[in-house]
Amino acid sequence: MSAKPTKLPPFDPADPLGIDDLLDPEDLAIRDTVRTWAADRVLPHIAEWYEKGELPGIRDLARELGALGALGMSLEGYGCAGASAVQYGLACLELEAADSGIRSLVSVQGSLAMYAIHRFGSEEQKRRWLPGMAAGETIGCFGLTEPDHGSDPAGMRTYAERDGTDWILTGRKMWITNGSVAGVAVVWAQTDETAGGSGIRGFVVPTDTPGFSAPEIRHKWSLRASVTSELVLDGVRLPADAVLPEATGLRGPLSCLGHARYGIVWGAMGAARASFEAAVDYARTREQFGRPIGGFQLTQAKLADMAVELHKGILLAHHLGRRLDAGRLRPEQVSFGKLNNVREAIEICRTSRTILGANGISLEYPVMRHATNLESVLTYEGTVEMHQLVLGKALTGLDAFR
């Protein structure tokens, strides 16, 4: 006898592939907690923050995110939540569905500054900084990009030289999220290998150290609800124990960037989801020619194509998250996810804008805000071209970088 057919669950427009079936109750609880927090604390204010180009109350937001366990979320010990990579990804998606600037605050704090100290720091550095950072009491930033060196960090000009047992840092960093509100900065600098510097090294820099300043960058048309700064290091004197002992060369900063890029794979889909949902809601209610525009074939074609790319991207993020939790995620696979998901997220935002028509450029809707934010996400943590070359080298075995 044949098995009795199972009654299929109804089609869920919000989860057309049934991806939620891959999540356990704890995953869902974490996702829902972050989504509720973002709806209560960010969404009612984000349009005004974006229009004014500010993120007021960032320290309060950081403490609230710390209380949620969202800072250094996937790290173990030192007050960190020890969540899975998938749970961290779900949080990134929900935060970026509110705004990329909020997700950037969390990513830089946890995946860059905290991760660098947790992975490469001494036990003393971990105990001194990580508990306060996990709680959101101390905000961190990550200084790698320079005015003249972005995709090629090996050419950085920030320099650390020995003076007895101390280090003296001199140089500038650019486009640094959280910089002017940070209590600690992880700064990467060239050192003299002949003097025992081992090339590029990372330094944990308290931002009240004389010679350190972080003027805020203004006049941005993207990531406006985010604190972005320049770091100026004018003869910053640090003790010998300020150096991250386990990081030498570019391996250190690049591994931190890989961790941050993973969060972007998820986060970009949050921005895409928010824009897609706005387009669906608008198409159901906006009437032209006597009926809702969602009933026209061309509009439905746009919605269908966006849904396919959105949920393919979320499924890709899940897959990479499972690989990371299993210790099997390669850097090339992170490049695959970042390249695809940010690129598709921007296209979803642009297509959503066409459905909203002129209303699509209004801050009453989230679409244009997400689209302009994603223009920054597209190029930070590795440009499109750099990720294409990473994959090109992996596919052909030929290095096109040099």
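All values derive from a computational prediction rather than experimental measurement.
Proximity of Val236 to Pro210: side-chain heavy atoms (C-beta onward) are nowhere separated by under 4.5 Å. Residues Leu55 and Ile102 are in side-chain contact: their nearest non-hydrogen atoms beyond the backbone lie under 4.5 Å apart. Between Val384 and Leu378, some side-chain heavy-atom pair lies under the 4.5 Å cut-off. Contact check for Asp166 versus Arg162: no side-chain heavy atoms found under the 4.5 Å cut-off. Residues Met73 and Cys80 form no side-chain contact, since every pair of their non-hydrogen atoms from C-beta on lies 4.5 Å or further apart.
Considering all non-hydrogen atoms of both residues, Ala91 and Val34 come closest at O-CG1, 3.8 Å. Nearest approach of Glu96 to His370, heavy atoms of both residues: O-CE1, 3.2 Å. Across all non-hydrogen atoms, the minimal contact from Ser376 to Leu223 is CB-CD1, 3.7 Å. Between Lys52 and Arg224, the shortest heavy-atom contact is C-NH2, 3.7 Å. Between Tyr88 and Ser111, the shortest heavy-atom contact is OH-OG, 2.7 Å. Among all heavy-atom pairs drawn from Pro206 and Arg128, the shortest one is CG-NH2, 4.0 Å.
In this structure, CZ on Arg59 lies 9.5 Å from OG1 on Thr138, to the nearest 0.5 angstrom. Once rounded to the nearest 0.5 Å, the distance linking CH2 of Trp167 with CD of Glu161 reads 10.0 Å. Atoms SG and CG, from Cys349 and Asn373 in turn, are 9.0 Å apart once rounded to the nearest 0.5 Å. Put simply, OH on Tyr380 and OG on Ser222 are 8.5 Å apart, with the number rounded to the nearest 0.5 Å. Here Glu246 contributes atom CD and Thr248 contributes atom OG1; the two are 9.0 Å apart, rounded to the nearest 0.5 Å. Here the straight-line distance linking atom CG of Leu169 with atom CD of Gln190 works out to 11.5 Å at 0.5 Å rounding.
Applying the ring pair (Phe, Tyr, Trp, His ring centres under 6.0 Å) rule to pairs touching residues 31-67 yields His45-Trp49, sequence neighbours excluded. Within the structure, every pair that satisfies the salt bridge (Lys or Arg N to Asp or Glu O under 4.0 Å) test and touches residues 353-378, not counting sequence neighbours, is listed here: Asp99-Arg369, Arg350-Glu375. Pairs engaging residues 172-187 under the side chain to side chain donor-acceptor pair (under 3.5 Å) rule: Glu146-Lys173, Arg172-Glu230, Ser180-Ser229 [sequence neighbours left out]. Legend: salt bridge (Lys or Arg N to Asp or Glu O under 4.0 Å) pairs involving residues 306-315, not counting sequence neighbours, sorted by first then second residue: Glu309-Lys312. Legend: salt bridge (Lys or Arg N to Asp or Glu O under 4.0 Å) pairs involving residues 75-85, not counting sequence neighbours: none detected.
Side-chain contact check for Arg323 and Gln333: at least one donor-acceptor pair (N or O, by modelled atom type) lies under 3.5 Å. Of the N and O atoms on the side chains of Tyr78 and Glu123, at least one donor lies less than 3.5 Å from an acceptor on the other residue. Remark: the Ser352 side chain and the Tyr365 side chain contain no N/O donor-acceptor pair separated by less than 3.5 Å.
No donor-acceptor distance shorter than 3.5 angstrom exists from the side chain of Gln109 to the backbone of Val106, with no hydrogens or angles considered. For Asp15 (side chain) and Asp20 (main-chain N/O), a donor-acceptor pair under 3.5 Å exists by modelled atom type. With hydrogens and angles ignored, the 3.5 Å screen pairs no side-chain donor or acceptor of Thr191 with any backbone N or O of Arg201. Without hydrogens or angle criteria, Arg261 side chain to Glu381 main chain gives a donor-acceptor distance under 3.5 Å. When atom types are taken as modelled, the side chain of Thr383 and the backbone of Thr379 share no donor-acceptor pair closer than 3.5 angstrom. Judged purely by atom type and a 3.5 angstrom limit, Lys220 has no side-chain atom pairing as donor or acceptor with the backbone of Gly53. Under the 3.5 Å distance criterion, the side-chain polar atoms of Asp234 are left unmatched by any main-chain donor or acceptor of Gly211. In terms of modelled atom types and a separation under 3.5 Å, the side chain of Thr209 and the main chain of Val205 share no donor-acceptor contact.
Annotation: ring-ring contact (aromatic ring centres under 6.0 Å, His included) contacts of Phe212 (sequence neighbours excluded): none. Take Ser335 and apply the side-chain hydrogen bond (donor to acceptor under 3.5 Å, both in side chains) test, not counting sequence neighbours, and it matches His387. Listed by chain and residue number, Arg237 satisfy the side-chain hydrogen bond (donor to acceptor under 3.5 Å, both in side chains) test with Asp163 (two or more places apart in sequence, or in another chain). Qualifying side-chain hydrogen bond (donor to acceptor under 3.5 Å, both in side chains) partners for Asp241, counting only residues two or more places apart in sequence or in other chains: none. Evaluation of the side-chain hydrogen bond (donor to acceptor under 3.5 Å, both in side chains) rule for Glu124 yields no partner, not counting sequence neighbours.
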Quiz prompt | Full working for side-chain contact (heavy atoms from CB on, under 4.5 Å) between Ile355 and Met306 | solution = CA-CA 12 Å; Ile355 292 176; Met306 287 192 288; 3.7 Å; yes
Quiz item: Between Leu363 and Ile46, is a side-chain contact (heavy atoms from CB on, under 4.5 Å) present by the stated rule, with each step listed?
Solution: CA-CA 9 Å; Leu363 281 177; Ile46 190 62; over 6 Å; no
Quiz prompt | Worked verdict on Val227 versus Glu216 for side-chain contact (heavy atoms from CB on, under 4.5 Å) | solution = CA-CA 7 Å; Val227 174; Glu216 189 169 353; 4.3 Å; yes
Self-check item: Pair Arg35-Leu93, side-chain contact (heavy atoms from CB on, under 4.5 Å): steps then yes or no
Solution: CA-CA 9 Å; Arg35 181 181 296 181; Leu93 189 151; 5.7 Å; no
Practice problem: Could you give me the CA-CA distance, side-chain angles and deciding distance for Arg273 and Glu94, then say whether salt bridge (Lys or Arg N to Asp or Glu O under 4.0 Å) is met? | Solution: CA-CA 9 Å; Arg273 188 192 72 193; Glu94 296 302 329; 2.9 Å; yes
Just list the side-chain donor-acceptor pairs under 3.5 Å for residues 297-305, sequence neighbours left out, or say none.
from   : atom 1 : to     : atom 2 : distance (Å)
Thr299 : OG1    : Ile293 : O      : 3.1
Gln300 : NE2    : Gly294 : O      : 3.0
Lys302 : NZ     : Thr354 : OG1    : 3.1

Side-chain donor/acceptor pairs under 3.5 Å, residues 340-348, sequence neighbours excluded:
from   : atom 1 : to     : atom 2 : distance (Å)
Asn341 : ND2    : Val265 : O      : 2.9
Asn341 : ND2    : Gly313 : O      : 3.1

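Within 6.0 Å of CZ in Phe11 there are more than 12 heavy atoms belonging to other residues, nucleotides or ligands. By the neighbour-count criterion of 12 heavy atoms within 6.0 Å, atom CZ of Phe336 is sparsely surrounded, having that number or fewer from other residues, nucleotides or ligands. Within 6.0 Å of CG on Leu43 lie more than 12 heavy atoms contributed by other residues, nucleotides or ligands. The environment of Glu332 atom CD is dense: over 12 non-hydrogen atoms of other residues, nucleotides or ligands sit within 6.0 angstrom. Atom NZ of Lys393 sits in a sparse spot, with 12 or fewer heavy atoms from other residues, nucleotides or ligands closer than 6.0 Å.
The aromatic rings of His259 and Tyr115 lie parallel to each other, their planes meeting at an angle below 30°, with 60° marking the opposite boundary.
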